[in-house]
Every structure is written in C-alpha cells, then in structure tokens.
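For reference, the structure discussed in these notes is given below.
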Amino acid sequence: EPEVTQTPSHQVTQMGQEVILRCVPISNHLYFYWYRQILGQKVEFLVSFYNNEISEKSEIFDDQFSVERPDGSNFTLKIRSTKLEDSAMYFCASRQQGAGLNQPQHFGDGTRLSIL
Amino acid sequence: DQQVKQNSPSLSVQEGRISILNCDYTNSMFDYFLWYKKYPAEGPTFLISISSIKDKNEDGRFTVFLNKSAKHLSLHIVPSQPGDSAVYFCAATLNTGNQFYFGTGTSLTVIP
C-alpha cells in the first residue's frame with residue numbers, strides 16, 4: 001500500500017537555525033497537510049496546501065513557517081529561525097481528491113524535531 | 001480553542017469486551033468526523049469515519065455513532081483485541097476539508 005514518507009525521522013537543531021522537514025506524499029494525492037504534536041498534547045493543524053498554494057493555515061503557522069512543493073513529489077515545511085517551543089513531532093499528511101470528504105488523510109510516521 | 005475534545009485520556013478493557021471511546025465537539029458546522037489510531041513512533045492511521053448526515057457507520061468490529069444534538073460521537077470496538085491497544089484520536093472537519101481538528105486522544109489498553 002502506498003505510504004507517506006517523511007525524512008529525517010529525527011532532527012536536532014540549534015535554536016535560531018533554519019530547519020527543513022521533508023515529506024513525500026502519496027503520488028496521486030492532491031491535498032497536503034502539516035501537523036505537529038508537542039509531547040503529551042493533541043495533534044495540531046498547521047497548514048493545508050492544494051493546487052500549489054496554501055488553502056488554510058492555523059495561528060501557529062506564523063511568518064517563521066513556510067511550505068513548498070518544489071517538484072512533483074516533495075512537500076516541505078521550513079522553519080526559518082527555530083525556537084525551543086518548536087520542539088515537537090511533525091506529521092505530514094496527504095489526501096486524495098474525492099467527491100466528498102470520504103477520502104481520509106494518510107499520515108507519515110513523523111519527524112521528531114528537537115531544538116537545543 | 002479546543003473544538004474537539006476527548007475527556008478520557010485512558011481506558012482499559014478486557015479482551016473480548018466492548019471498548020467505547022468518546023468524543024465531544026463544539027462546532028455544529030462540522031461535516032465529517034473521523035477516528036484515527038496511533039501506535040508509538042508511527043503516524044495516525046485512519047480507522048473509520050462518518051458524515052454529519054448519518055448517525056451510525058459500521059466497519060467490521062468498529063462502529064462510530066454520531067449524536068448531533070449532543071455534539072457527541074463515540075467509537076465502539078467489539079470484541080476488543082490486544083492489538084487494538086493504541087491511542088485513538090477523533091477528528092472533525094468542515095466541508096472544505098482544508099483543516100482537520102483533532103482531539104487530545106484516548107489511550108486504549110486491551111488486557112489479554
């Protein structure tokens with residue numbers, strides 16, 4: 001079964017540095033998402049992306065964050081200047097375009113981002 | 001702003017019995033509700049969903065019930081199996097599907 005893949009599985013970065021998290025969505029999917037989960041807390045929506053533009057973003061997704069689909073396969077999340085509170089598990093998800101909402105999101109296994 | 005809530009952080013059930021996981025929401029405009037299962041070190045895996053126009057959806061051992069007047073949904077697993085032990089998240093979305101709101105999760109332990 002096709003999978004969403006995320007790299008790296010664990011990223012350790014110094015505070016203030018830029019970090020890029022990478023995702024390869026399922027190939028025929030058209031909607032892409034980033035979520036994060038701070039340890040012990042809920043999964044929080046960051047941003048959704050469709051047709052090469054952001055569809056919706058949450059309050060968390062401020063100017064420090066950006067997303068890009070640089071080619072036909074990758075979907076990246078960039079954090080420009082990391083803060084300690086950015087430490088979390090980041091999940092990428094993709095969804096096939098369907099007639100309704102009965103096409104669920106498929107999640108990758110996440111990238112654990114640790115800011116030192 | 002927690003639009004989807006799971007008030008039970010954990011639940012333990014004997015193998016073979018029914019597991020009932022609950023979820024409440026505040027936004028009456030939600031169109032679609034989903035349940036995801038998550039094992040440690042893995043991403044959430046889709047389990048079952050229900051449209052807001054229905055009150056029940058069944059898939060094998062899993063049934064989701066929706067009570068719109070109470071803004072409540074529940075996931076029933078019967079019979080429960082040890083392999084069902086995981087964290088279960090409920091999620092909801094509006095008809096755009098642009099943003100999915102997740103609950104905080106309930107950790108289910110099925111005791112053999």
Side-chain angles (χ1 to χ4, degrees), chain A residues 1-7 9-10 21 23-26 29-51 53-61 89-112, chain B residues 1-10 21 23-27 29-54 57 59 62 64 66 75 86-107:
Chain A
E1 186 175 324
E3 293 182 340
V4 176
T5 56
Q6 290 186 243
T7 55
S9 57
H10 191 191
L21 309 182
C23 170
V24 179
I26 295 173
H29 286 191
L30 298 176
Y31 292 84
F32 312 111
Y33 306 81
W34 281 103
Y35 292 84
R36 77 173 186 190
Q37 185 180 25
I38 295 171
L39 188 64
Q41 298 186 24
K42 65 177 180 177
V43 175
E44 298 176 291
F45 168 79
L46 293 178
V47 66
S48 58
F49 192 86
Y50 171 71
N51 200 24
E53 61 183 23
I54 290 174
S55 307
E56 194 157 343
K57 59 184 180 180
S58 71
E59 293 174 351
I60 303 167
F61 195 88
M89 192 73 142
Y90 287 80
F91 292 105
C92 171
S94 69
R95 186 166 72 88
Q96 191 177 34
Q97 184 174 19
L101 293 171
N102 59 343
Q103 297 291 341
Q105 294 173 311
H106 294 255
F107 284 80
D109 287 340
T111 293
R112 178 167 298 285
Chain B
D1 176 20
Q2 198 162 335
Q3 300 200 40
V4 178
K5 300 177 191 177
Q6 293 175 257
N7 292 318
S8 298
S10 62
L21 297 102
C23 180
D24 297 297
Y25 61 95
T26 56
N27 190 341
M29 301 298 290
F30 283 140
D31 278 301
Y32 218 72
F33 304 88
L34 308 94
W35 283 94
Y36 285 84
K37 177 179 176 179
K38 185 181 181 302
Y39 293 117
E42 294 183 12
T45 303
F46 170 73
L47 200 55
I48 192 169
S49 62
I50 188 167
S51 163
S52 62
I53 63 173
K54 296 189 175 182
N57 188 27
D59 183 3
F62 302 92
V64 55
L66 176 62
L75 174 68
V87 177
Y88 289 78
F89 292 97
C90 69
T93 186
L94 303 170
N95 62 3
T96 60
N98 285 334
Q99 182 170 354
F100 288 74
Y101 299 84
F102 281 77
T104 49
T106 296
S107 177

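Every chain is numbered from 1, with letters handed out A, B, ... down the list of sequences.
Within the 4.5 angstrom heavy-atom criterion, no atom of A:Tyr50 approaches chain B. Heavy atoms closer than 4.5 Å to chain A are found in the side chain of B:Tyr36, but not in its backbone. Within the 4.5 angstrom heavy-atom criterion, no atom of B:Ala91 approaches chain A. Interface residue A:Gln37: only side-chain heavy atoms are found under 4.5 Å from chain B.
Taking 4.5 Å as the limit, every side-chain heavy atom of A:Phe45 sits out of range of all side-chain heavy atoms of B:Phe100.
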Fill in: Stepwise side chain to side chain contact (heavy atoms under 4.5 Å, CB included) check, A:Tyr35 with A:Leu46
CA-CA 5 Å; A:Tyr35 292 84; A:Leu46 293 178; 5.6 Å; no
Discussion item. Between B:Trp35 and B:Phe62, does the side chain to side chain contact (heavy atoms under 4.5 Å, CB included) criterion hold? Intermediate values first, please.
Written reply: CA-CA 10 Å; B:Trp35 283 94; B:Phe62 302 92; over 6 Å; no
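The ring of B:Tyr25 has its center no closer than 6.0 angstrom to the ring center of B:Tyr101.
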